[in-house]
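Below is one structure; the comments refer to it alone.
Below, chains carry the letters A, B, ... as their sequence lines are ordered, and counting in each starts from 1. Since we're looking at a predicted model, the values are computed, not measured.
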Amino acid sequence: MKIYNTLIREKQEFVPLVEGEVRIYTCGPTVYNYFHIGNARPFITFDTLRRYLEYKNYKVIYVQNFTDIDDKMINQANAEGITVREMADRYIREYYIDADNLNIKRSTFQPRATDCIVDILDMINVLVNKGYAYVAEDGVYFSVEKFETYGKLSNFNLDELEAGASERVCINESKINRADFALWKFKKEGEPSWESPWGDGRPGWHIECSAMSRKYLGDTIDIHCGGQDLIFPHHENEIAQSEATTGKPFVNYWMHNGFININNQKMSKSSGNFFTIRDIVQKYSYEVIRFFILSSHYRSPINFSEDLLAASQVALERIRNCVNNNTFIIDNRKKTGFEENIIANLDIQELKEAIAKAKTEFIASMDDDLNTADAMAALFDLVRVANIASTKDNVPSSILNEASTIIIVLFGVLGIKIIQEETIPSEVIALVVDRVNAKNEKNFALADEIRKKIGDFGFTVSDTPAGPKISKI
RNA sequence: GGCACCAUAGCCAAGUGGUAAGGCAGAGGUCUGCAAAACCUUUAUCCUCCAGUUCAAAUCUGGAUGGUGCCUCCA
């Protein structure tokens, strides 16, 4: 499999540290709100990476953290008159509701920053002892000048950063270099704090991820994921802290997803132009959201709009119709005792070839830097052939079933559920029987009236050569 | 100012040297009591523009134009 590695800015053959195992760390949410569609992109993208690696029989150790202490959280908790911990608990619960519904697998480990204070302090201690960190007025800082390769991920050098920063206000005069960042922030009035050798306080944002990654995955990991906006300073700083601490490479492959835009502008909590998952599912299902995200390459920007969501919904229905239709035909054949013509023929051959091709192309696309859009196209090709085959009596049920299975399994690798649980109420079944009778009596006005009633239950009935087919709206 | 990225049909989108996938929308048709679904046909002589390299470029090189992001919390 090839992965685009931000560190070298090109695609690279993926070779894990330990054969058959993959260690992945991905930066999780700061839990002070419901998460929005922009936050959902990395969760979904890298969950798909994980599922694909597992599909390829790798053992994946996946860590996604919760940032449960920072300025925004403190401010909001104070405003609401609750503790930071209470607010974090609440939005972690809410996170899981959305994440579970989006079919994002639970991480192998999902640590909270405030539960790893000991590990964070250990790391800071090493950095101070090694001379990479120093104590200033308001906290302990990492000295970027001490870390020679600072800037290797983002392609910034310290002089350029100085030039950029010159237009901005220099907030803290006690720092040696403007780019120095806080490892530990000393306590201010009204803030939660923990004891440390340098004074009570709380961890800086960057050190959390370094410490949690190291705690659960070791000094060097295979893949570190996140949004492109985290490249600098967050990931750059993680590299500096981790490599300064251990003297070993921190991450072999850096993967970064593109943004979701609104009217070609970045969507973000701070700009206020965001849609939460909770907002969107008022109108579109979780599967549609996931389908929408995966229908572009993960590194490309996506422009979000309701029209695109609507298009994704219809496209997903096309897949579901194919599978449901196959199921209907197969069940119907069993009921009616349909005798299958098992003589080999061209239609069977075509479908068999389409199944094999879909699988091969799906894997080839996913192997090419997780090209989910191309992988989905391969499955749409199979859907077309399967739809044709399903109209022919000379294609055995077993092969129709095989087509359905491969579609379900491979969409499952993308984390998209094709089969929807649905129980048809007995009232609906009775109405369908009534409608068949009405139709037999050529009483079409009554038949249409009954169809409307069925619609009131949230179901549709369509007439097929094999009889009425009921499906949920 | 520095560093990155992007530009493909009405819309979305794949394609990194061999002559434009796929989805949505549209048009016509088949099937149907009517629908729905499905199928068939159709929808970019061409990939923002201009040069260049090559037998061959949407794909490589240089330039232009337009757009976005990062350099500050941010997925």
Side-chain angles (χ1 to χ4, degrees), chain A residues 6 9 11 26-30 35-46 67 70-72 151 154-157 159-169 171 178-179 205 225-234 236 256-261 264-271 274 291-292 295-297 299-303 305 307-322 324-325 328 361 365 368 371-381 383-388 390-391 438-439 442-445 447-448 451 460-465 469 471 473:
Chain A
T6 309
R9 313 257 166 191
K11 286 182 196 170
T26 186
C27 295
T30 301
F35 67 85
H36 61 65
I37 179 87
N39 300 347
R41 167 113 101 146
F43 304 154
I44 291 170
T45 298
F46 301 120
T67 295
D70 85 331
D71 291 340
K72 292 186 296 277
S154 55
N155 251 343
F156 291 139
N157 65 53
D159 297 339
E160 286 160 359
L161 288 170
E162 281 289 320
S166 65
E167 293 165 21
R168 301 169 204 286
V169 185
I171 302 159
R178 265 183 204 142
W205 175 40
C225 315
Q228 279 167 358
D229 51 349
L230 296 183
I231 294 172
F232 190 89
H234 187 54
E236 196 67 65
H256 292 97
N257 65 277
F259 297 122
I260 292 191
N261 298 147
N264 290 316
Q265 303 281 308
K266 181 182 169 183
M267 175 192 296
S268 71
K269 281 183 186 167
S270 47
S271 321
F274 62 90
F291 186 101
F292 165 71
S295 58
S296 307
H297 185 88
R299 284 188 284 114
S300 308
I302 306 182
N303 220 2
S305 77
D307 285 352
L308 296 179
L309 231 36
S312 290
Q313 183 171 44
V314 177
L316 178 57
E317 272 166 23
R318 179 172 165 79
I319 306 287
R320 286 180 164 159
N321 284 337
C322 174
N324 291 342
N325 200 32
F328 178 75
E361 290 189 350
S365 299
D368 182 18
N371 193 335
T372 52
D374 223 16
M376 276 158 96
L379 298 179
F380 273 105
D381 286 335
V383 164
R384 208 190 90 260
V385 179
N387 279 337
I388 296 168
S390 72
T391 64
K439 275 184 64 185
K442 303 250 185 258
N443 188 348
F444 297 120
D448 288 348
R451 182 157 59 192
T460 57
V461 60
S462 38
D463 300 316
T464 77
K469 178 169 180 282
S471 38
I473 295 171

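With rounding to whole Å, E236(A) atom CD is found 13 Å from U72(B) atom P. Rounded to an integer number of Å, the gap from M267(A) CE to A75(B) P is 12 Å. The distance between atom NE2 of H256(A) and atom P of A75(B), rounded to the nearest whole Å, is 13 Å. When the P atom of U72(B) is taken as reference, atom CD1 of I231(A) falls 15 Å away, rounded to whole Å. Following rounding to the nearest Å, K266(A) (NZ) and C70(B) (C1') show an atom-to-atom distance of 8 Å. Distance Q265(A) CD to G67(B) C1': 10 Å, rounded to the nearest Å. Atoms CG (N387(A)) and P (A38(B)) sit 7 Å apart, rounded to a whole Å. Nucleotide C34(B) holds its C1' atom 6 Å from the CZ atom of R451(A), rounded to whole Å.
The base of C6(B) lies outside donor-acceptor range of the side chain of R299(A), with no N or O pair under 3.5 Å. In terms of polar N and O atoms assigned as donor or acceptor, the side chain of D448(A) comes within less than 3.5 Å of the base of G33(B) in a complementary pairing.
F232(A) is not listed as a side-chain neighbour of N155(A), based on a closest heavy-atom distance of 4.5 Å or more.
The minimum heavy-atom distance between G226(A) and F46(A), with the atom names listed, is N-CE1, 3.7 Å. The two residues A447(A) and K439(A) make their nearest non-hydrogen contact at CB-CG, 3.9 Å. Nearest heavy-atom pair across V383(A) and R318(A) is CG1-O, 4.2 Å.
Nucleotides A13(B) and G23(B) place their P atoms 16 Å apart, quoted to the nearest Å. Comparing the P positions of A14(B) and G22(B) gives an interatomic distance of 15 Å, to the nearest angstrom. Here the separation of U19(B) from A58(B), taken at their C1' atoms, is 11 Å to the nearest Å. Nucleotides C55(B) and C60(B) are separated by 16 Å at their C1' atoms, to the nearest Å. Distance noted for atom P between A25(B) and A7(B): 25 Å (whole Å). Rounded to whole Å, the C1' atom of C50(B) lies 29 Å from the corresponding atom of C12(B). Comparing A36(B) with G28(B), their P atoms sit 14 Å apart, to the nearest whole Å. To the nearest whole angstrom, the two P atoms, one in A75(B) and one in A38(B), are 39 Å apart.
For RNA chain B, each stem of at least three Watson-Crick or G-U pairs (distances under 3.5 Å) is given as range with range: B:1-7 with B:65-71, B:10-12 with B:22-24, B:26-30 with B:38-42, B:48-52 with B:60-64.
Toward the 5′ end of RNA chain B lies the nearest nucleotide of T391(A), the other residue of the pair G226(A) and T391(A) mapping further downstream. Mapping V385(A) and S300(A) onto RNA chain B by nearest heavy atom places S300(A) at the nucleotide closer to the 5' end.
For N155(A), the side-chain atoms get nearest to A4(B) when compared with the rest of C73(B), A4(B), G33(B). When distances are taken from the side chain of F156(A) to each of G2(B), C34(B), A4(B), the shortest belongs to G2(B). Checked against A75(B), C3(B), C34(B), the side chain of D229(A) finds its nearest nucleotide in A75(B). In this structure, the nucleotide among A75(B), G69(B), G33(B) sitting nearest to the side chain of N257(A) is A75(B).
Of the inter-residue distances, the one linking L308(A) atom CG with F292(A) atom CZ reads 5.5 Å to the nearest 0.5 angstrom. Between atom CG of residue L316(A) and atom CG of residue L309(A) there is a gap of 11.0 Å, rounded to the nearest 0.5 Å. In this structure, OG in S471(A) is found 4.5 Å from NZ in K469(A), a value given to the nearest 0.5 Å. From L379(A), atom CG reaches atom OG of S365(A) across 9.0 Å, with rounding to the nearest 0.5 Å.
In this structure, N264(A) reaches the sugar-phosphate backbone alone: every heavy-atom distance under 4.0 Å involves primed, P, OP1 or OP2 atoms, never a base. Across all strands shown, I260(A) has heavy atoms under 4.0 Å from base atoms, whether or not it also approaches the sugar-phosphate. Among the atoms of the strands shown, only primed sugar atoms or phosphate atoms (P, OP1, OP2) are found under 4.0 Å from some heavy atom of S296(A). The residue E317(A) sits apart from the nucleic acid: no heavy atom pair falls under 4.0 Å. Using a 4.0 Å heavy-atom distance criterion, K439(A) is classed as a base contact. Across all strands shown, I388(A) has heavy atoms under 4.0 Å from sugar-phosphate atoms exclusively, and none from any base. Using a 4.0 Å heavy-atom cutoff across all strands shown, N371(A) reaches sugar-phosphate atoms only and no base atom.
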Are there any protein N/O atoms within less than 3.5 Å of an N/O atom in nucleotides 57-62 of chain B, and if so, which ones and at what distance?
none

Might you list the N or O atoms of the protein lying below 3.5 Å from N or O atoms in nucleotides 18-28 of chain B, with each pair's distance?
none

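Applying the ring-ring contact (aromatic ring centres under 6.0 Å, His included) test to F274(A) and every residue at least two apart in sequence or in another chain returns H36(A). Residues passing the ring-ring contact (aromatic ring centres under 6.0 Å, His included) test with F43(A) are F35(A), Y95(A), sequence neighbours excluded.
Within the 3.5 Å criterion, the main-chain N or O of D374(A) finds a donor-acceptor partner in the side chain of N371(A). For the pair N325(A) (side chain) and N321(A) (backbone), a donor-acceptor distance under 3.5 Å is absent. Side-chain atoms of R41(A) come within 3.5 Å of backbone N or O of G258(A) as a donor-acceptor pair. Side-chain atoms of N257(A) do not come within 3.5 Å of backbone N or O of R299(A) as any donor-acceptor pair. A donor-acceptor pair under 3.5 Å links the side-chain atoms of E236(A) to the main chain of G151(A), judged by distance alone.
For the pair D229(A) and K266(A), the salt-bridge criterion is met [side-chain N within less than 4.0 Å of a carboxylate O].
Between the side chains of N303(A) and N264(A), at least one donor N or O sits under 3.5 Å from an acceptor N or O.
Within residues 36-43 of chain A, the residues that place at least one heavy atom under 4.0 Å from RNA chain B are, in residue-number order, H36(A), G38(A), N39(A), P42(A).
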